[in-house]
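These notes concern the structure reproduced below.
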Amino acid sequence: MTTVLITGANRGIGLALARQYATDRADVIGCCREPARADALKDLAAASEGRVRVMQLDVSNEASIASLERALSYQPIDILINNAGIVGPEAQSADSIDVEGWMTTLRVNALAPILIAQALRDNLRRGFEKKLVAISSDAGSTSIDSYGGSALGRNRYAYRASKAALNNGMRGLARDWANDGVLVRILNPGFVQTDMTGARATGSTASISPEDSARGIIRRIAELAPDTSGSFLDCLGQVVPW
Ligand SMILES: NC(=O)c1ccc[n+]([C@@H]2O[C@H](COP(=O)([O-])OP(=O)(O)OC[C@H]3O[C@@H](n4cnc5c(N)ncnc54)[C@H](OP(=O)(O)O)[C@@H]3O)[C@@H](O)[C@H]2O)c1
């Protein structure tokens with residue numbers, strides 16, 4: 001039985017991943033920062049005959065990560081998906097930077113996935129598949145200037161920096177943990193209809209449903225093998241430039 005841990009599993013892409021893995025009869029550890037308010041995830045757990053567990057995790061809080069590590073000691077994890085993320089503050093352009101907001105964006109999107117991977121390294125080692133996944137973004141590609149094609153996309157300096165840092169950290173783990181058999185995949189989920197892209201707002205141009213994105217992500221994770229560890233792909237399997 002495959003065990004998958006997903007951060008930010010209460011809504012958006014994370015919830016769609018939890019639902020599809022549960023349908024595929026995997027054991028799912030769905031992490032979210034406020035379980036009391038995670039109704040959709042709790043409904044999934046209630047209908048899962050014990051295969052979906054909801055666990056508290058605020059990825060920006062080291063004590064919360066340590067508490068998850070303690071709760072999961074000796075539990076093998078086959079696939080660890082660092083999905084939780086934020087778009088960052090209003091002010092993150094060439095003209096104006098919200099300093100605290102920038103630091104929080106880096107903490108959630110770039111630092112937390114590394115801290116969580118380190119905290120759960122032994123769990124991954126005990127897993128059969130040993131797959132470490134980061135839901136990144138083509139916004140983290142330094143060579144793609146036209147990201148988002150809009151002022152909104154171009155102005156996301158903190159978000160773009162955080163995803164570039166995430167990619168760099170994951171490349172490092174792909175190299176440094178290869179001897180443990182850990183495989184790393186960095187994925188761009190596409191422009192997905194979630195709260196992050198204002199999917200419920202009129203005029204949102206996000207074109208991919210969370211379900212379709214999750215299906216692609218799960219395929220790309222299933223294909224991951226030692227010769228492609230550390231690569232950056234979109235959910236259709238195309239290589240994304242650094
Ligand atoms: N949607 C897109 O088009 C798109 C494109 C490229 C990349 N991505 C990436 O895909 C991932 C998922 O995004 P999404 O579109 O599904 O966004 P979303 O609907 O806004 O969901 C974000 C998730 O992250 C969680 N989260 C944020 N901060 C957290 C924290 N400190 N601790 C724990 N959980 C936290 C949220 O939990 P709460 O409910 O508690 O806030 C929520 O579950 C992100 O990493 C994002 O950067 C998305």
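Read the numbers this way: they start at 1 and go in the same order the structure lists the ligands and their atoms. Values reported hereafter were calculated over all heavy atoms of this structure, with side chains retained and with hydrogens, waters and symmetry mates removed.
Residue contacts with ligand 1: Lys163 is included, with a non-hydrogen atom under 4.0 Å away. Residue contacts with ligand 1: Glu34 is excluded, as none of its non-hydrogen atoms falls under 4.0 Å. The closest approach between Cys32 and ligand 1 stays at or above 4.0 Å for every heavy atom of the residue.
Those atoms of ligand 1 with a heavy atom of Thr197 less than 4.0 angstrom away are 1 (N), 2 (C), 3 (O). Annotation for ligand 1: atoms under 4.0 Å from non-hydrogen atoms of Gly8 are 25 (C), 43 (O). Residue contact check: Ile135 has heavy atoms under 4.0 Å from atoms 9 (C), 10 (O), 11 (C), 45 (O) of ligand 1. Close approach of ligand 1 to Phe191 is summarised as follows: ligand atoms under 4.0 Å from at least one heavy atom of the residue are 3 (O). Which parts of ligand 1 touch Ser136 is read off a 4.0 Å heavy-atom cut-off, strictly below it: atoms 6 (C), 7 (C), 8 (N), 9 (C). The contact set between ligand 1 and Asp58, taken as ligand atoms under 4.0 Å from a residue heavy atom, comprises 30 (C), 31 (N), 32 (N). The ligand atoms of ligand 1 that sit less than 4.0 angstrom from a heavy atom of Gly12 are 16 (O), 19 (O). Near Gly85, with a cut-off below 4.0 Å to any heavy atom, the atoms of ligand 1 are 22 (C), 24 (O), 27 (C), 44 (C), 45 (O).
Shown here is Glu223, whose CD atom has more than 12 heavy atoms of other residues, nucleotides or ligands within 6.0 Å.
Between Arg220 and Asp234 there is no salt bridge, since no side-chain N of the basic residue sits under 4.0 Å from a carboxylate O of the acidic one. Ion pairing between Asp27 and Arg51 fails under the 4.0 Å rule for side-chain N and carboxylate O. Remark: Asp195 engages Arg11 in a salt bridge, criterion side-chain N to carboxylate O under 4.0 Å.
The option with the heavy atom closest to atom 4 (C) of ligand 1, from among Gly190, Ser137, Cys235, is Gly190. Looking at Asn10, Thr104, Ile6, it is Asn10 that brings a heavy atom closest to atom 43 (O) of ligand 1.
Both the backbone and the side chain of Asn83 come within contact range of ligand 1, each with a heavy atom under 4.0 Å. Both the backbone and the side chain of Val192 come within 4.0 Å of ligand 1, judged by heavy-atom distances.
Residue contacts with ligand 1: Asn188 is placed with no nitrogen or oxygen under 3.5 Å of a nitrogen or oxygen of the ligand (distance criterion only). Looking at Gly14 next to ligand 1, no N or O pair under 3.5 Å apart turns up. The distance criterion of under 3.5 Å between nitrogen or oxygen atoms is not met by Ala9 with respect to ligand 1. Considering both main-chain and side-chain atoms, Val108 never comes within under 3.5 Å of ligand 1 through any nitrogen or oxygen pair.
From Leu224, atom CG reaches atom CD of Glu129 across 9.0 Å, with rounding to the nearest 0.5 Å. Atoms OG1 and CD1, on Thr2 and Ile79 in that order, are 6.0 Å from each other to the nearest 0.5 Å. To the nearest 0.5 Å, the span separating CD1 on Ile29 from CD1 on Ile81 amounts to 11.5 Å. To the nearest 0.5 Å, atoms CD1 (Ile186) and CH2 (Trp242) are separated by 4.0 Å.
Of the N and O atoms on the side chains of Ser162 and Asn109, at least one donor lies less than 3.5 Å from an acceptor on the other residue. Side-chain contact annotation: Arg33 with Ser60, donor-acceptor N/O pair under 3.5 Å absent. For the 3.5 Å distance criterion, the side chains of Ser136 and Asn167 qualify, holding a donor opposite an acceptor.
Between the side chain of Asn83 and the backbone N or O of Gly8 there is at least one donor-acceptor pair closer than 3.5 Å.
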